[in-house]
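First, the structure itself, so that you have it in front of you.
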Amino acid sequence: MEEKKERPSLPFGKEIKIGNYKVLKFTKSLSKSQLKGLRADANIPDDLKKQLSRAGIPYIKVEAISGIFALTFCFNTQVFRWLDYCIPAALEAQENGETLSQNSVADILHVFGMWMTDVCTTGDQKYYEDKANALKALIERRKAFAGAAETAEEKAEDDKILEEVKANEEAKAKLREMAKELEEGGEHEGE
């Protein structure tokens, strides 16, 4: 039986150098005032507010070694998950002399360079229009891929669930109609 290899992830607190960048995964705690504000905004009952503590939230920071550029991503973002998985996998592959078809160290450095260029460039209207169009095209490709990835079995199961929901809603509507007729003093046709 083949042993399942654990998915690599960045270690907390260890700065990793990749080209002219350093990457750090760390935990940041909310201040008392931030936590108090979140509790108030979330309408959490007073008795539960006392039990909540200041938990740490994981972040990954990508920074130019020179310090002129940095981006930080919270754990709930797609980029965080990509960095957390791809950097260790790419570094491991590089150490082992393996060639990756995607998400290699060179690919990651290219992404970092694009982020830095994009953040540090003030474009004109055409630049931002082109960027918006490129983003729109990416979203459309991902939607098409997600739709194509659904198997025939999954689609049939989804259709069956939708039919069951529709039948339940029709039955509820019929029961409401019957109840309304009975409240109005009338009799149901089936009786």
Side-chain angles (χ1 to χ4, degrees), residues 4-42 52-151 154:
K4 187 176 180 180
K5 189 175 181 181
E6 190 175 313
R7 182 179 81 77
S9 67
L10 289 170
F12 279 96
K14 181 180 179 188
E15 198 170 82
I16 296 173
K17 185 181 177 290
I18 302 176
N20 292 327
Y21 299 91
K22 53 188 176 182
V23 178
L24 177 66
K25 183 177 179 183
F26 64 98
T27 302
K28 180 179 174 184
S29 296
L30 298 174
S31 69
K32 286 183 181 181
S33 62
Q34 288 172 320
L35 189 60
K36 187 177 180 180
L38 285 174
R39 289 176 180 160
D41 291 344
L52 296 176
S53 63
R54 292 176 32 199
I57 299 173
Y59 288 88
I60 295 176
K61 182 178 184 178
V62 176
E63 181 178 10
I65 289 176
S66 65
I68 64 169
F69 164 80
L71 286 175
T72 303
F73 302 96
C74 191
F75 77 98
N76 61 344
T77 63
Q78 181 182 15
V79 175
F80 178 97
R81 291 185 297 276
W82 179 75
L83 292 169
D84 195 35
Y85 174 74
C86 289
I87 290 174
L91 292 173
E92 182 180 315
Q94 187 177 43
E95 283 178 14
N96 296 333
E98 299 172 12
T99 303
L100 298 177
S101 60
Q102 62 182 5
N103 299 326
S104 67
V105 170
D107 293 336
I108 292 167
L109 285 171
H110 178 74
V111 170
F112 290 176
M114 293 299 295
W115 287 344
M116 185 170 156
T117 303
D118 194 36
V119 169
C120 297
T121 301
T122 305
D124 59 6
Q125 182 178 355
K126 176 76 172 121
Y127 170 80
Y128 289 111
E129 286 173 5
D130 291 346
K131 189 173 170 181
N133 288 334
L135 182 59
K136 183 178 177 184
L138 172 66
I139 291 169
E140 291 302 318
R141 286 193 307 273
R142 288 192 174 168
K143 281 182 184 176
F145 177 77
E150 186 177 44
T151 66
E154 290 171 328

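Predicted model, so just to flag it, every value in this text is computed and none were measured.
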### Message
Between Phe112 and Phe69, is there a side-chain heavy-atom distance shorter than 4.5 Å?
### Response
no

## Note on the structure
Correct closest heavy-atom pair for Ala90 and Ser104 would be CB-C, 3.9 Å

### Query
Is there a donor-acceptor pair under 3.5 Å between the side chain of Asp84 and the backbone N or O of Phe80?
no

### Task
Run the numbers on Tyr59 and Lys25 for side-chain contact (heavy atoms from CB on, under 4.5 Å), then give the verdict.
CA-CA 6 Å; Tyr59 288 88; Lys25 183 177 179 183; over 6 Å; no

### Task
Give me the ring orientation class for Trp115 and Phe73: parallel if the planes are under 30° apart, tilted from 30 to 60°, perpendicular past 60°.
tilted

### Message
Testing the basics here: between Ile18 and Leu109, what is the closest heavy-atom pair and its distance to 0.1 Å?
### Response
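Shortest heavy-atom contact: O-CD2, 3.2 Å.
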
### Task
Tell me, with the steps shown, if Ile108 and Trp82 meet side-chain contact (heavy atoms from CB on, under 4.5 Å).
CA-CA 10 Å; Ile108 292 167; Trp82 179 75; 3.9 Å; yes

### Message
Applying side chain to side chain contact (heavy atoms under 4.5 Å, CB included), can you list everything that pairs with Asp124, at least two apart in sequence or on another chain?
### Response
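In terms of side chain to side chain contact (heavy atoms under 4.5 Å, CB included), with neighbours along the sequence ignored, Asp124 is linked to Lys126, Tyr127.
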
### Message
What's the separation between atom CE in Met116 and atom CG in Leu71, rounded to the nearest 0.5 Å?
### Response
10.5 Å

### Message
A side-chain contact here means heavy atoms from C-beta on lying under 4.5 Å apart; do Asp118 and Lys131 qualify?
### Response
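Side-chain contact under 4.5 Å: yes.
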
### Query
Any sub-3.5 Å donor-acceptor pair from Asn96's side-chain atoms to Glu92's backbone N or O?
yes

### Summary
In short, Ser9 meets Pro88 closest at the heavy-atom pair C-CG, 3.4 Å

#### Entry: Side chain Lys22, main chain Glu15, donor-acceptor under 3.5 Å
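Looks like no, no N/O pair under 3.5 Å.
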
### Message
Quick check against the 3.5 Å criterion: does Asn133 have a side-chain atom that pairs as donor or acceptor with the backbone of Asp130?
### Response
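Between the backbone of Asp130 and the side chain of Asn133 there is no qualifying donor-acceptor contact (under 3.5 Å).
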
### Task
Check the pair Leu24 / Ile16 against side-chain contact (heavy atoms from CB on, under 4.5 Å), numbers first and verdict last.
CA-CA 6 Å; Leu24 177 66; Ile16 296 173; over 6 Å; no

### Task
Answer yes or no: does atom OH of Tyr85 have more than 12 heavy-atom neighbours from other residues, nucleotides or ligands under 6.0 Å?
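Open.
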
### Query
Val23 and Ile87: side-chain contact (heavy atoms from CB on, under 4.5 Å), yes or no, with the steps?
CA-CA 9 Å; Val23 178; Ile87 290 174; 3.9 Å; yes

### Query
Is Thr77 reaching over with its side chain to a backbone N or O of Cys74, donor-acceptor style, under 3.5 angstrom?
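At least one qualifying donor-acceptor pair exists.
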
#### Entry: Point-to-point distance, once rounded to the nearest 0.5 Å, from CG of Asn20 to CD of Glu63
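That separation rounds to 12.5 Å.
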
### Query
Can you check whether Ile57 reaches Phe75 side chain to side chain, under 4.5 Å on heavy atoms?
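Contact flag for Ile57/Phe75 side chains = yes.
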
### Message
Surrounding CD of Glu140 (heavy atoms of other residues, nucleotides or ligands, distance under 6.0 Å), is the total greater than 12?
### Response
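Yes.
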
### Task
Would you give the length of the straight line joining atom CD of Gln78 to atom CG of Leu83, rounded to the nearest 0.5 angstrom?
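The CG atom of Leu83 is 10.5 Å from CD of Gln78, to the nearest 0.5 Å.
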
